[in-house]
Amino acid sequence: MDKPVRLRFAPSPTGPLHIGGIRTALYNYLFTRKHQGQFILRVEDTDQGRYVPGAEEYIINSLKWVGLIPDEGPGFGGEFGPYRQSERKAIYSKYAQQLVEKGEAYYAFDSAEELNALRDSNGGNQKYDYNTRHQMKNSVTLGMEVAKKKMDEGDPYVIRLKVPEAQEVVIEDVIRGRVSFHTSDLDDKVLIKSDGMPTYHMANVIDDYLMKISHVIRGEEWLSSTAHHVLLYKAFGWKNDMPAFAHLPLILKPTGNGKLSKRDGAQFGFPVFPISWIVSDGVEFSGFREYGFEPDALLNFLALLGWNNGTEQELFTIDELIQNFSLEKIVKSGARFDFEKGKWFNQQYLHKIPETEMVLRIRRDFHELNIDLKDDDCHMIYELYKDRVVFSKDYCDFGKVYFEEITHYDKEFVEKKWKPEHLPAYQSIQEIISGIQDWHAAEIETRLKEFVKTGAIKPGELFPALRVAMSGIPTGPDVFKMIQFTGKEKFVKRMEQFIQYLKR
RNA sequence: GGCCCGUUCGUCUAGGGGUUAGGACAUCAGAUUUUCAUUCUGGUAACAGGGGUUCGAUUCCCCUACGGGCUACCA
């Protein structure tokens, strides 16, 4: 008897999607996959004033990057199209007409000034509702004859929902349980704007009905207006076909107040967008992709931000997420965004990537720097850095010092650890190393340790110094392997450069 | 202001009328690495407050506080 499972992700192309949107899409996707349903992308582009060119393409590219591919949607086919609301204008007018005829909606001719005057009255809190509609300029007060005449004369008008008096509107939210509103708190929402376009509420309800949507999983910002949506379903006589609602907790800023917003990335120093977004004036907002995130890691991280399966498992493959997902286990309260935890997820995923794949990426990243690496070099860089990378591009960031000139040395190290009396030791080491025939880390290690035993320098002073000489910074992998990888000739040169720098 | 939703370690969360309130990230300490990192071990750290209900409440109810959302011819 259950309806087929059909869920929609319905973003508005007013700019780039942010990760909250990706999480919403993910939950929709997981639910459909778990119940063998359809995952539908619907573009809610009914606000012509806020339409941003390229945003739709951006949304689709983002979904593709993370692997949440719609079964239906613009460019994805499907029997219930068009999936862009701007292309469904005629449908909405038809249904709006129907509502007016049934007496569930009415035409309104109030000007912006008149609406402001209404709002400002009664202490600035007055709504356009069943208490005030009788004092406004609409087909309820004017009569249908006059209204028709005004419309024929070209007077701009909107269509408003005629919210019934003194009723309780109840929503059975899958996540929150029973939530109720009273119609006395609800205004007569505009359904069709004066440009002929529907508002979100109107288009949303009609499309969900027409597209046979079974469950609406969306952000909590929609919970309040769901009361109007329920009223709309009733007005149309579609109450029995109403989808189940599940309102998701919001993702909050890491610190401070409010929900995570698109501008927070710049402020907190981490991406909030899945992939980078270039604003028309050339400003670019970096994305998780460009930051180096694995799409599966991002999804895993996002999935756990407001949901868990009741166990202590944190690492889930996408299939495991599908198997384990349930709306009932979604947390009710908002979740602060913790970028550090996101990085941890990425690191975990990076460890799972096989060496052969990683080596390919290392070669590709170096190639972009115009450095063509030999197979052995790629493997060596992998070996050297695999325990300390968080993103795959870190291999390149760490490894490029072996192929580029060293332009500066860690200031703190030089100031704190460098002592002029170390100089002879450095020079001795340069000689010892350059004398090694069997160029291997093990041999280098033996010789260096022998030297340290002479007491010329302490190990704690020597090894970090060698790292600085090799790479500019005192942290890094095993020094002996570093030296081996640097190569004898380059090692000698770098020691020379370092010694010159210290003498300056 | 009004309406609606929420509140367990710094953060994400598990749990649920009787628990040493568990895990993860972060953080701190120890071990190992004659160095940093890794790894391992261990530690600090939470039921917002006040009333009920109850033999017993962090868990159920109410109030307060705090947080969040909505309050547009935006979605």
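Protein chains get the first letters and strands the later ones, always in sequence-line order, with residue 1 at the start of each.
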Counting only Watson-Crick pairs (N1-N3 plus N6-O4 or O6-N4) and G-U wobbles (N1-O2, O6-N3), all under 3.5 Å, who is the partner of [N]?
{"N": "C73(B)", "value": "none"}
{"N": "C25(B)", "value": "G10(B)"}
{"N": "C40(B)", "value": "G30(B)"}
{"N": "A46(B)", "value": "none"}

Between F398(A) and Y385(A), ring centroids under 6.0 Å: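 Yes: the rings meet the under 6.0 Å criterion.
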Would you please indicate if the ring centroids of W344(A) and F301(A) are separated by under 6.0 Å?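 Here the rings of F301(A) and W344(A) have centres that are no less than 6.0 Å from each other.
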Roughly how many Å is it from [atom1] in [X] to [atom2] in [N], rounded to a whole number?
{"X": "F268(A)", "N": "U11(B)", "atom1": "CZ", "atom2": "P", "result": "14 Å"}
{"X": "R336(A)", "N": "U7(B)", "atom1": "CZ", "atom2": "P", "result": "15 Å"}
{"X": "L260(A)", "N": "C12(B)", "atom1": "CG", "atom2": "C1'", "result": "15 Å"}
{"X": "N308(A)", "N": "G15(B)", "atom1": "CG", "atom2": "P", "result": "6 Å"}
{"X": "L186(A)", "N": "C3(B)", "atom1": "CG", "atom2": "P", "result": "13 Å"}
{"X": "N300(A)", "N": "U13(B)", "atom1": "CG", "atom2": "P", "result": "14 Å"}
{"X": "F316(A)", "N": "U13(B)", "atom1": "CZ", "atom2": "P", "result": "14 Å"}
{"X": "F339(A)", "N": "C12(B)", "atom1": "CZ", "atom2": "P", "result": "17 Å"}

Suppose we screen for side-chain hydrogen bond (donor to acceptor under 3.5 Å, both in side chains). Which residues come up paired with N28(A), at least two apart in sequence or across chains?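 side-chain hydrogen bond (donor to acceptor under 3.5 Å, both in side chains) check on N28(A) returns nothing, list empty.
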Distance between [atom1] atoms of [N] and [M] (Å, rounded):
{"N": "C63(B)", "M": "C3(B)", "atom1": "P", "answer": "13 Å"}
{"N": "G67(B)", "M": "G30(B)", "atom1": "C1'", "answer": "39 Å"}
{"N": "A26(B)", "M": "U34(B)", "atom1": "P", "answer": "25 Å"}
{"N": "G23(B)", "M": "C4(B)", "atom1": "P", "answer": "39 Å"}
{"N": "A24(B)", "M": "C66(B)", "atom1": "P", "answer": "35 Å"}
{"N": "A46(B)", "M": "U54(B)", "atom1": "C1'", "answer": "25 Å"}
{"N": "C70(B)", "M": "G17(B)", "atom1": "C1'", "answer": "36 Å"}
{"N": "G50(B)", "M": "U39(B)", "atom1": "C1'", "answer": "49 Å"}

Look at the aromatic rings of [X] and [Y] and report parallel, tilted or perpendicular, splitting at 30° and 60°.
{"X": "F498(A)", "Y": "Y501(A)", "value": "parallel"}
{"X": "H229(A)", "Y": "H201(A)", "value": "tilted"}
{"X": "F480(A)", "Y": "F463(A)", "value": "perpendicular"}
{"X": "W277(A)", "Y": "Y58(A)", "value": "perpendicular"}

Looking only at heavy atoms, which two atoms of G20(A) and I251(A) are closest? And how far apart?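 That would be CA-CD1, 3.9 Å.
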Given Y92(A), which partner from the list I159(A), D207(A), V205(A) fulfils the side-chain contact (heavy atoms from CB on, under 4.5 Å) test?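 For Y92(A), the side-chain contact (heavy atoms from CB on, under 4.5 Å) test succeeds with only one of I159(A), D207(A), V205(A), which is D207(A).
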Hey, which of these two, K329(A) or D185(A), hits RNA chain B nearer its 5' end, going by closest nucleotide?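 In this pair, the answer is D185(A).
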How does protein contact run along nucleotides 22-40 of chain B, one letter per nucleotide 5' to 3', with B for base contact, S for sugar-phosphate only, - for none, heavy atoms under 4.0 Å? SSBS--------BBBBS--
For each nucleotide in nucleotides 69-75 of chain B, reading 5' to 3', give B when a protein heavy atom comes within less than 4.0 Å of its base, S when such contact involves only the sugar-phosphate, and - otherwise. BS--BBB
Once you round to the nearest 0.5 Å, how far does NZ of K332(A) lie from CG of D173(A)?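 Nearest 0.5 Å value for the NZ-CG distance: 9.5 Å.
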Base, sugar-phosphate or nothing for K253(A)? Non-hydrogen atoms, less than 4.0 Å.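 Result for K253(A) = nothing.
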Donor-acceptor pair, side chain of R336(A) and main chain of L252(A), under 3.5 angstrom: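 No, R336(A) side chain to L252(A) backbone: no donor-acceptor pair under 3.5 Å.
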